[in-house]
Peer 1: 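Next up is a structure, given as C-alpha cells.
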Amino acid sequence: MCGRYTLVNSREALEKAFGAAFPEGNESYNVAPSQKVLAVASSTEQTKAGWLQWGLIPSWADDKKIGHKMINARAESVDTKPAFRHLLERRRCLVIADGFYEWDREGGTKQPYRITVDNEEPFAFAGLWDRWEGKEETITSCTIITTEANDLMQNIHHRMPVILDEEARKTWLDPHETDKQVLKSLLQPFDASRMAIYPVSTEVNSPKHNHAALIERKG
DNA sequence: CCAGACGTTGTT
DNA sequence: GTCTGG
DNA sequence: CCAGACGTTGTT
DNA sequence: GTCTGG
C-alpha cells in the first residue's frame with residue numbers, strides 16, 4: 001500500500017519529465033498523509049496541476065477528519081464503493097512522486113524500503129480527488145489507488161500503489177473517458193523490471209523527519 | 001420509510 | 001450524495 | 001504510513 | 001485499543 005513517499009526533484013525537472021507546468025512547492029523526502037501533494041487533476045471543466053491534501057474528504061462529509069481514513073482506495077472495488085465510484089468517472093488525478101516507502105514487518109521489526117521507477121525518474125500514482133466545503137474552509141483533497149503487489153514487492157508487502165505509465169496517464173486524465181471498465185483496466189501492478197528497491201533508515205518512520213539522508217541506502 | 005455508513009491495512 | 005441495513 | 005496522544009481544572 | 005496529526 002502507499003502511505004509515505006518522496007518528491008525530491010526540482011520543479012524544473014518535473015516539468016521537463018511530464019511536459020507540463022507545475023506550481024511552486026517544496027521538495028520532500030517524507031511526504032505523509034494530511035500533507036499537500038503535487039497533483040494533476042482533471043474534471044469536466046479543466047485539467048490543472050496543484051497541491052492537494054492527501055486523504056480524501058468527500059464532498060458530503062460533515063467532518064474533515066474522515067480524510068485520515070481515506071488515504072488509499074482499492075483498485076478492485078473503486079468502481080463500486082459509494083465513496084469512490086462517482087469520482088472514478090469525474091474526478092481523477094495523478095499524484096507526482098519519485099519514490100515511495102513501504103515497510104516490511106517481519107518478526108516484530110519494521111524495516112522501511114524505498115522503491116523507485118526507471119532509475120529514479122519521476123512518476124505518477126493514480127488518484128481520485130474531491131472538493132469539500134466546510135463552514136469555514138474549502139479543502140481539495142485526494143486519495144492514492146492501490147493494487148496487488150508485483151514480483152518485486154511481494155516479498156515485503158502484498159499491496160502497492162498504482163503507477164501509470166505515459167500512455168495510461170493520458171487516458172486517466174482524459175475527461176471524455178467515462179467508461180469505468182476502461183479506466184479500471186489501467187489500475188494494474190507496475191512492471192517490476194522497471195522498478196528498484198533498497199532499504200533505508202527507520203528514521204523515515206517519523207513524519208517529522210525530512211532530510212536527504214532518509215533516501216540513502218541503509219546498511 | 002429513516003438511520004447510518006461511506007475506507008484501507010494488517011492481524012487474529 | 002448514495003447505498004445498505006433494519 | 002507511523003508517532004503520539006488519549007483529560008480536567010485552575011493558575012501563570 | 002483507537003483516534004488524531006503529520
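Bear in mind that the values here come from a model prediction, so they are computed numbers and not experimental data. Each chain gets a letter, A, B and so on, in the order the sequences are listed, and its residues count up from 1.
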Peer 1: Can you check the distance between dA3(B) and dG6(E), where both ends of the measurement are the C1' atom (answer in whole Å)?
Peer 2: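 The same atom, C1', in both gives a distance of 34 Å.
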Peer 1: If only side-chain N and O atoms count, and only distance matters, is there a donor-acceptor pair under 3.5 Å linking Ser193(A) with Asp191(A)?
Peer 2: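 Their side chains do contain a donor-acceptor pair, which is all the 3.5 Å distance test asks for.
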Peer 1: Under a 3.5 Å limit for both distances, which nucleotide forms a Watson-Crick or G-U wobble pair with dC1(B), could you say?
Peer 2: dG6(C)
Peer 1: How many Å lie between CD1 on Ile115(A) and C1' on dC1(D), as a whole number?
Peer 2: 12 Å
Peer 1: From CD of Gln35(A) over to C1' of dA3(D), roughly how many Å is that when rounded to an integer?
Peer 2: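 For the pair Gln35(A) CD and dA3(D) C1', the rounded distance is 13 Å.
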Peer 1: Under a 4.0 Å N-O cut-off, is there an ion pair linking Glu76(A) with Arg159(A)?
Peer 2: yes
Peer 1: Rounded to whole angstroms, how far apart are CG on Asn205(A) and C1' on dG4(D)?
Peer 2: 13 Å
Peer 1: Compute whether any side-chain donor of one residue and acceptor of the other, for Asn72(A) and Thr146(A), lie under 3.5 angstrom apart.
Peer 2: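 No, no side-chain donor-acceptor contact under 3.5 Å.
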Peer 1: Whole angstroms only, please: what is the CZ-P distance between Arg85(A) and dT4(C)?
Peer 2: 8 Å
Peer 1: With sugar-phosphate meaning primed atoms plus P, OP1 and OP2, does Phe84(A) contact a base, only sugar-phosphate, or nothing at under 4.0 Å between heavy atoms?
Peer 2: sugar-phosphate
Peer 1: Verify, without hydrogens or angle tests, whether Arg4(A) (side chain) and Glu102(A) (backbone) share a donor-acceptor contact under 3.5 angstrom.
Peer 2: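 Flag not set: sc Arg4(A) to bb Glu102(A) has no pair under 3.5 Å.
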Peer 1: Hey, can you pull the residues of residues 123-135 of chain A with a non-hydrogen atom under 4.0 angstrom from DNA chain B?
Peer 2: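 Those residues: none at all.
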Peer 1: Please report the distance, rounded to the nearest Å, between CG in Leu88(A) and P in dC3(C).
Peer 2: 15 Å
Peer 1: Using whole Å, report how far CD of Gln53(A) lies from P of dG5(E).
Peer 2: 11 Å
Peer 1: Mind telling me whether Phe123(A) and Phe125(A) have parallel, tilted or perpendicular rings, with 30° and 60° as the class edges?
Peer 2: perpendicular
Peer 1: Between dC6(B) and dC3(E), how far apart are the two P atoms, rounded to whole Å?
Peer 2: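 One P to the other, the span is 12 Å.
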Peer 1: Once you round it to whole Å, what is the distance between P of dG6(E) and CD of Glu203(A)?
Peer 2: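 To the nearest whole Å, that distance equals 20 Å.
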Peer 1: Using the P atom on both, measure dG4(B) against dG7(D) and round to a whole Å.
Peer 2: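 One P to the other, the span is 24 Å.
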Peer 1: Give me the residues of residues 57-83 of chain A where at least one heavy atom lies under 4.0 Å from an atom of DNA chain D, by number, or none.
Peer 2: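 The answer is Ile71(A).
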Peer 1: Mind calculating the distance between OH (Tyr113(A)) and P (dC2(D)) to the nearest angstrom?
Peer 2: 14 Å
Peer 1: Within the structure, does a side-chain N or O atom of Arg4(A) lie under 4.0 Å from either OP1 or OP2 of dG6(E)?
Peer 2: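 No.
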Peer 1: Excluding sequence neighbours, so at least two apart, what forms side chain to side chain donor-acceptor pair (under 3.5 Å) with Thr44(A)?
Peer 2: none
Peer 1: Need the pair for dG7(B). Rule: Watson-Crick or G-U wobble, both distances under 3.5 Å, any strand; none if unpaired.
Peer 2: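 Result: none.
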Peer 1: Between Lys180(A) and Asp79(A), is there a side-chain N and carboxylate O pair less than 4.0 Å apart?
Peer 2: no
Peer 1: Do Trp60(A) and Ile139(A) share a hydrophobic cluster (ILVMFWY, side-chain heavy atoms under 4.5 Å, transitive)?
Peer 2: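 Same hydrophobic cluster.
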Peer 1: Whether Arg105(A) contacts dC2(D) is assessed here as follows: a side-chain N or O lying under 4.0 Å from the phosphate OP1 or OP2. Is that the case?
Peer 2: yes
Peer 1: Do any side-chain nitrogens or oxygens of Ser206(A) fall under 4.0 Å of OP1 or OP2 in dG6(E)?
Peer 2: no
Peer 1: When you check the phosphate oxygens OP1 and OP2 of dT9(B), does a side-chain N or O of Lys110(A) lie under 4.0 Å from one of them?
Peer 2: no
Peer 1: Do NZ/NE/NH1/NH2 and the carboxylate oxygens of Arg11(A) and Glu15(A) come within less than 4.0 Å?
Peer 2: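 Salt bridge flag = yes for Glu15(A) with Arg11(A).
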Peer 1: When the P atoms of dT8(B) and dC1(D) are considered, how many whole Å apart are they?
Peer 2: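 Pairwise P distance, dT8(B) against dC1(D), rounds to 12 Å.
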Peer 1: Answer yes if the side chains of Arg131(A) and Thr138(A) hold a donor-acceptor pair under 3.5 Å, and no otherwise.
Peer 2: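 No, no side-chain donor-acceptor pair sits under 3.5 Å.
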